[in-house]
Number of protein chains: 2
Amino acid sequence: MAGRRAARDAISRDQWAALISAKDAAPEPGARRASGREKAPITVERIIDAALQAVEAGGFEDLTMRTVATSLGTGPASLYAHVRNRAELGDLLIGRLCSQVALPEPDPARWRDQFMDVCAQLRDQFLRYPGIAQAALAVVPADLATLRVGEGMLAILLASGAPARQAAWTSDAAFLYTTGYCLEASAARRQSEDADGRAIDPAEIEERLRMLPPEQFPHTVAHARELTAGTGHDRFTFTLTLLLDGLVPPPRA
Amino acid sequence: MAGRRAARDAISRDQWAALISAKDAAPEPGARRASGREKAPITVERIIDAALQAVEAGGFEDLTMRTVATSLGTGPASLYAHVRNRAELGDLLIGRLCSQVALPEPDPARWRDQFMDVCAQLRDQFLRYPGIAQAALAVVPADLATLRVGEGMLAILLASGAPARQAAWTSDAAFLYTTGYCLEASAARRQSEDADGRAIDPAEIEERLRMLPPEQFPHTVAHARELTAGTGHDRFTFTLTLLLDGLVPPPRA
DNA sequence: TCCGAGCAACGAACATTGTTCTATCGACGA
DNA sequence: TCGTCGATAGAACAATGTTCGTTGCTCGGA
């Protein structure tokens, strides 16, 4: 009760500085020389690999320390020499996903498509690992790979000619919306899977919305189709377009 | 492993219909007559009250079945007669919060302010209970109170004259962004509290952003101030304004 | 008035989770 | 060669969500 433990150890500024300067070189300590291949040492990279595999298979809620550990042929205690927390493992996963996003050279003529593309890359990465967006909403400015994506998105928006603060906030909002969208999509997919057999597809949801009492839910009933529409990622691109058009009005109004 | 249990029991359509038709009357079964006051029976409402109190005090992660139960002077097993899951408890909490949102009569002349106000109400409710937005991202169309807010937001946007589908999607995006914003804000506040004593304020974050290598993070370093700015809820209203202006261009461009 | 059925309440327990303690093993430097 | 230090594990602990029986109460009908 009173002794609420620290949810996550905040690193000091010195640690932060060390983290930044050590970003290159450092050929993954623990790999040492990859001397024999009798045991294959545990490294952060291998932990991340195993964790991503687990999430891809069973969703973020199936990502436990024991799952990852047994997947590596060891016990859960062995992971804590490389990862401080389960939360830090989540950060590392997001970092890995972000590091695989290709960032274009900002082109003022195509900034809109470029920004959309980066968001779509993020979206596809997140959707590939259901529920992993949860971890993206807990991280703030921790990982370098995550910051790299933020830098890339900001660069594209600045190339549009928008003022710095508005570009920064829009980039942030787009990232937030992307993770929220993926989280909702993952949750919906999970919910439609669990009744194993009786799936809840959009048509079923539309049907149920129509069953609401029309006196209290007139618009929901009337536009049930529009509310549940959005096959593919139409809704996703629509919202981002809204944001970008609000930031810089499109040439042809 | 193989026997992955259903994360949440999906209700059948009949149950859904019964849920809708039973929305009024039904003076909370279990309250019966409030006969004596010797024990005060456990009701869903009292569970929700206790749960909200727990979240307000210690955040969403301190919301455990045992916390709620002992707060009501009983054991955790007693709650399962009224609540199916911890997840359902989360849904109920969101429902309670949503039920306290005041929905205005849509006014085509003031729809922008009206919509903003509803979102701000949601934001303040969510921020009052740190981390509770997590539960809002897991719920899809379950609770009636939640649907009521959706109906209200949709009604306001329709009053603006926007096409139905765009209004529906924008309403959805605004709700998504609101929950994401609150989740991020709660996480940041928690992280700044945990080092008990050594708080991480925006100034500290700005400082750290400036420490990044300028060759790889030129814009992040240059605009560190803009990235960390946004005292109060400037960022929140900015993003929503972006969405609304994208939906219906403002009269004075 | 009495009885039985149904249901809320509860104590105890189970499985699973994150995390820590401590011992062992190995390699590398002095 | 020895000592030290970090990685690896085994075992364990505390806490969590959830379920299983049992108990007790209330209410409807004989």
Side-chain angles (χ1 to χ4, degrees), chain A residues 1-9 26 28-47 50-51 54 58-91 134-135 138, chain B residues 1-9 28-47 50-51 54-55 58-91 134-135 138:
Chain A
M1 291 279 185
R4 94 178 72 143
R5 70 197 180 288
R8 180 86 109 73
D9 297 346
E28 177 78 39
R32 298 190 184 282
R33 224 181 311 164
S35 52
R37 69 284 205 203
E38 63 271 355
K39 195 53 192 304
I42 301 176
T43 67
V44 182
E45 290 307 311
R46 289 191 60 211
I47 291 179
F60 191 67
E61 57 184 357
D62 273 18
L63 175 68
T64 72
M65 292 295 180
R66 282 175 169 80
T67 305
V68 177
T70 55
S71 160
L72 287 158
T74 178
S78 304
L79 305 179
Y80 285 83
H82 309 269
V83 171
R84 228 181 335 185
N85 267 341
R86 194 188 113 103
E88 177 166 297
L89 178 55
D91 284 9
Q134 249 181 50
Chain B
M1 290 279 187
R4 96 178 72 144
R5 71 198 178 290
R8 181 88 109 75
D9 296 347
E28 177 78 40
R32 299 192 185 278
R33 225 180 311 163
S35 52
R37 68 287 207 201
E38 64 271 351
K39 197 51 194 304
I42 300 177
T43 66
V44 182
E45 290 307 312
R46 290 192 60 212
I47 291 179
V55 174
F60 191 67
E61 57 184 358
D62 274 18
L63 175 69
T64 73
M65 292 295 182
R66 282 174 169 81
T67 304
V68 178
T70 55
S71 159
L72 269 86
T74 178
S78 304
L79 305 179
Y80 285 84
H82 309 268
V83 170
R84 227 180 337 182
N85 266 343
R86 195 187 112 103
E88 176 167 298
L89 179 55
D91 284 10
Q134 248 179 51

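Chain A is the first sequence line, chain B the second, and so forth, proteins listed ahead of strands; every chain is numbered from 1.
Thr67(A) contributes no side-chain N or O that, together with a main-chain N or O of Leu63(A), makes up a donor-acceptor pair within less than 3.5 Å. In this structure, the side chain of Arg46(A) engages the main chain of Pro41(A) through a donor-acceptor pair within 3.5 Å. The backbone N or O of Met65(B) sits nowhere less than 3.5 Å from a side-chain atom of Arg86(B) that would complete a donor-acceptor pair.
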Where do N or O atoms of nucleotides 19-24 of chain D meet protein N or O atoms at under 3.5 Å, pair by pair?
none

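Counting to the nearest Å, the P atom of dT8(D) and the CG atom of Leu79(A) are 10 Å from each other. The separation between Ile42(A) atom CD1 and dG6(D) atom C1' is 13 Å, rounded to whole Å. We find that CG of Asp62(B) is positioned 12 Å from C1' of dA15(D), with the value rounded to whole Å. One can place CD1 of Ile47(A) at 11 Å from P of dA7(D), the figure rounded to the nearest angstrom. What separates CD of Glu61(B) from C1' of dA15(D) is a distance of 13 Å, to the nearest Å. Put simply, CG on Leu72(B) is 14 Å from C1' on dC10(C), counting in whole angstrom units. If you take CE of Met65(A) and C1' of dA15(C), they are 19 Å apart, rounded to a whole angstrom. Between the CZ atom of Arg46(B) and the C1' atom of dA8(C) there is a distance of 14 Å, given to the nearest Å.
Here the shortest heavy-atom pairing between Leu72(A) and Ala50(A) reads CG-CB, 4.1 Å.
Under the rule for a side-chain hydrogen bond (donor to acceptor under 3.5 Å, both in side chains), the partners of Thr74(A) that lie at least two apart in sequence or sit in another chain are Ser78(A). With sequence neighbours excluded, the residues forming a side-chain contact (heavy atoms from CB on, under 4.5 Å) with Ala135(A) are Phe60(A), Ile94(A), listed by chain and number.
The residue Thr64(B) sits close only to the backbone: its heavy atoms come under 4.0 Å of sugar-phosphate atoms, none of a base. Looking at heavy-atom distances under 4.0 Å, Leu63(A) makes contact with sugar-phosphate atoms alone, never a base.
For dT8(D), one of the phosphate oxygens OP1 or OP2 lies less than 4.0 angstrom from a side-chain nitrogen or oxygen of His82(A). Here Thr74(B) does not reach the OP1 or OP2 of dA9(C): none of its side-chain N or O atoms lies under 4.0 Å away.
Ile42(B) has its side chain within reach of His82(B): a pair of non-hydrogen atoms, C-beta onward, lies under 4.5 Å apart.
Heavy-atom distances to DNA chain D give each of Ala81(A) and Arg66(A) a nearest nucleotide, and the one nearer the 5′ end belongs to Ala81(A).
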